[in-house]
Amino acid sequence: MSLATRISGFLGALAASATLIVSATNAQAEALTFTDIAGREVTLQEMPDKIILGEGRMMYGITPLIEGNPFEKIVGWNNDLILYDPDGFRQFESVYADDTARLINFGNPYAGDFSIEAVLESEADLVLLESGSLFKAEETGLMEKLGAAGVQVAFVDFRRNATENVVPSLLMLGRIFGEEKRAAEFIDFYISQMRKVTNIIDTIPAEERPLVVVENAAGWQVDFCCWSFGPYNYGRFVELAGGTNYASSLANAYSVTLSLEGIIEANPAHIVATGANWSESRPEVTSVLLGYDAETEPNVARIDALASRAGFADLEAVKAGNYHAIFHQFYNSPYHFVAIQQLAKWFHPDDFEDLDPWATFVELHERFLPFDAKGTFWMSAQAAD
């Protein structure tokens with residue numbers, strides 16, 4: 001064998017080896033390992049391209065991270081977005097009608113209507129669930145069944161410890177969707193908007209922070225008072241906005257049931273009711289129907305009716321015009337910085353005279369969302385004096 005032939009063979013073998021090395025490196029690069037919000041290490045053999053959402057409202061967190069079509073890798077979801085925020089769903093539908101039409105409704109992951117068989121038929125790579133439901137997912141056997149079927153599960157959190165877990169949840173989603181740069185841009189925006197409030201609130205002493213009662217989904221159940229939040233979710237939003245959350249003094253719990261007698265005795269400076277367009281799936285609600293399709297005028301009678309309920313009408317907060325309503329679904333999305341800005345304006349109007357939450361909401365849409373800001377997302381009842 002000539003030297004030239006041997007050199008040619010060596011170079012060919014070297015090239016083949018290099019190709020194998022590059023291929024192996026690329027294959028390794030395709031694999032993804034991360035720690036989810038429940039503290040679980042999750043390994044995917046390749047980047048997922050078929051994802052199921054345990055809640056449709058996870059699209060609030062996914063959409064601002066995606067440069068292109070946020071539904072491209074979503075094969076199905078639970079239809080809670082359609083049921084509990086139909087205004088928001090219609091915004092997505094107006095841009096991505098073909099995608100929203102093709103999505104499979106897998107049902108509630110923690111109820112009997114969630115089909116493992118349907119998950120397998122969809123050839124899903126990953127199911128995303130809310131971390132607050134980890135125990136329920138384990139208790140119902142969902143985790144075991146999905147694991148046995150070879151489907152990975154990862155947990156995010158935009159609801160329970162929302163302000164603590166929003167950034168790691170967004171970073172995780174950025175990796176899952178291959179949108180790390182876009183996720184970093186949105187996180188920078190989120191932090192800058194939060195600091196417009198927290199940098200000022202940090203200077204306000206505890207004795208100057210008004211007592212606040214949050215009515216979770218006020219009017220969802222007629223003639224019922226009241227669900228609230230402990231030091232989580234909207235309870236935490238109140239604290240970050242410079243208020244003292246009444247329910248936090250009663251229980252260190254996510255959900256706290258209040259009595260009307262307790263509210264009257266506490267006589268809070270502000271009452272904040274959460275509301276959304278629930279009337280399409282639950283016509284009997286008396287809530288303030290806030291959202292993208294909401295108009296202020298038709299909701300005046302609704303907020304006035306809530307503020308004038310027996311026991312509420314005599315409260316100082318109502319008499320002073322400090323009975324407020326704010327969009328409920330801020331509680332389940334990374335957009336809660338908008339809610340915190342508006343709460344801060346209500347609680348400390350002099351300190352936040354120049355802060356414009358609606359301008360923040362508009363900028364959010366212009367920079368990160370595929371549709372425009374419109375509608376009514378907060379309002380206050382008229383003073384009763």
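We number each residue from 1, following the sequence as shown. What's counted below: heavy atoms across the whole structure, side chains too, no hydrogens, waters or symmetry copies.
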Cluster overlap L306 with V212, hydrophobic side-chain contacts below 4.5 Å: yes
All ring-ring contact (aromatic ring centres under 6.0 Å, His included) counterparts of W278, not counting sequence neighbours: W220, H328
Donor-acceptor contact below 3.5 Å, side chain Q341 vs main chain K196: no
Check: F155 main-chain N/O paired with D36 side-chain donor or acceptor under 3.5 Å: yes
Side-chain touch L134/E138, heavy atoms, less than 4.5 angstrom: yes
Heavy-atom donor-acceptor pair, R195 side chain to S192 backbone, under 3.5 Å: no
Atom pair OG1 (T33) and CG (L44), whose distance is rounded to the nearest 0.5 Å: 7.5 Å
Spacing of Y331 atom OH and R159 atom CZ [to the nearest 0.5 Å]: 4.0 Å
Heavy-atom side-chain proximity of V127 to P109 below 4.5 angstrom: no
Close side-chain approach of K73 and P48, heavy atoms under 4.5 Å: no
V362 reachable from L290 in the ILVMFWY side-chain graph, under 4.5 Å edges: yes
Distance in Å, D223 CG paired with T286 OG1, rounded so as to fall on 0.5 Å steps: 8.0 Å
Ring geometry between F377 and W358 (parallel below 30°, tilted from 30 to 60°, perpendicular above 60°): tilted
Donor-acceptor contact present, side-chain T100 to main-chain A97, <3.5 Å: yes
Within 6.0 angstrom of E284 CD, more than 12 heavy atoms from elsewhere: yes
Nearest-0.5 Å distance, CD1 of residue I326 to CD of residue E215: 14.0 Å
Residue pair D293, N277: steps toward the side-chain hydrogen bond (donor to acceptor under 3.5 Å, both in side chains) verdict: CA-CA 8 Å; D293 294 336; N277 183 9; 5.5 Å; no
Joint hydrophobic cluster, I271 plus W227, side-chain heavy atoms closer than 4.5 Å: no
Other residues, nucleotides, ligands: >12 heavy atoms within 6.0 Å of E144 CD: no
Residue pair H348 / I200, side-chain heavy-atom distance below 4.5 Å: no
L343 side, atom CG; F352 side, atom CZ - distance, nearest 0.5 Å: 10.5 Å
Donor-acceptor under 3.5 Å (D80 side chain, R57 main chain): yes
Aromatic contact, F337 with F189 (centres under 6.0 Å): yes
Heavy-atom check, side chain of Y246 versus side chain of S228, under 4.5 Å: no
Evaluation steps, side-chain contact (heavy atoms from CB on, under 4.5 Å), between L128 and I176: CA-CA 10 Å; L128 290 174; I176 289 170; 4.1 Å; yes
Heavy-atom donor-acceptor pair, S133 side chain to K136 backbone, under 3.5 Å: no
W77 and F71 aromatic ring geometry - parallel, tilted or perpendicular at 30°/60° bounds: perpendicular
Heavy-atom side-chain proximity of N267 to L315 below 4.5 angstrom: yes
Check: N245 side chain, F229 main-chain N or O, donor-acceptor pair, under 3.5 Å: yes
Within-4.5 Å side-chain heavy-atom neighbours: E185 and E179: no
V272-I201 co-clustered via ILVMFWY side chain contacts under 4.5 Å: yes
Side chain N161, main chain N165, donor-acceptor under 3.5 Å: no
Derivation and outcome, side-chain contact (heavy atoms from CB on, under 4.5 Å), residues Y292 and R90: CA-CA 9 Å; Y292 285 97; R90 282 188 284 268; over 6 Å; no
F312 vs Y323 side-chain heavy atoms within contact, under 4.5 Å: yes
Shared hydrophobic cluster for V285 and V288 (ILVMFWY, side-chain gaps under 4.5 Å): no
Ring center gap for F92 and F89 short of 6.0 angstrom: no
Mutual orientation of the aromatic rings belonging to F330 and F327 [parallel < 30°, tilted 30-60°, perpendicular > 60°]: perpendicular
Full working for side-chain contact (heavy atoms from CB on, under 4.5 Å) between H336 and V166: CA-CA 10 Å; H336 54 244; V166 62; 4.1 Å; yes
Y335/F361 aromatic ring centres below 6.0 Å: no
Derivation and outcome, side-chain contact (heavy atoms from CB on, under 4.5 Å), residues F158 and E130: CA-CA 8 Å; F158 294 116; E130 269 284 342; 4.2 Å; yes
Among N108, N79, N332, N78, the one residue meeting side-chain hydrogen bond (donor to acceptor under 3.5 Å, both in side chains) with E55: N332
Heavy-atom neighbours of Y234 OH exceed 12 at 6.0 Å: yes
Value rounded to 0.5 Å, distance of CD in Q152 from CZ in R40: 7.5 Å
Donor-acceptor contact present, side-chain R182 to main-chain P64, <3.5 Å: yes
Backbone N/O of I204 and side chain of R209: donor-acceptor pair under 3.5 Å: yes
Ion pair check, K345 and D356, cut-off under 4.0 Å: no
Residues R236, E164: salt bridge by 4.0 Å N-O rule: no
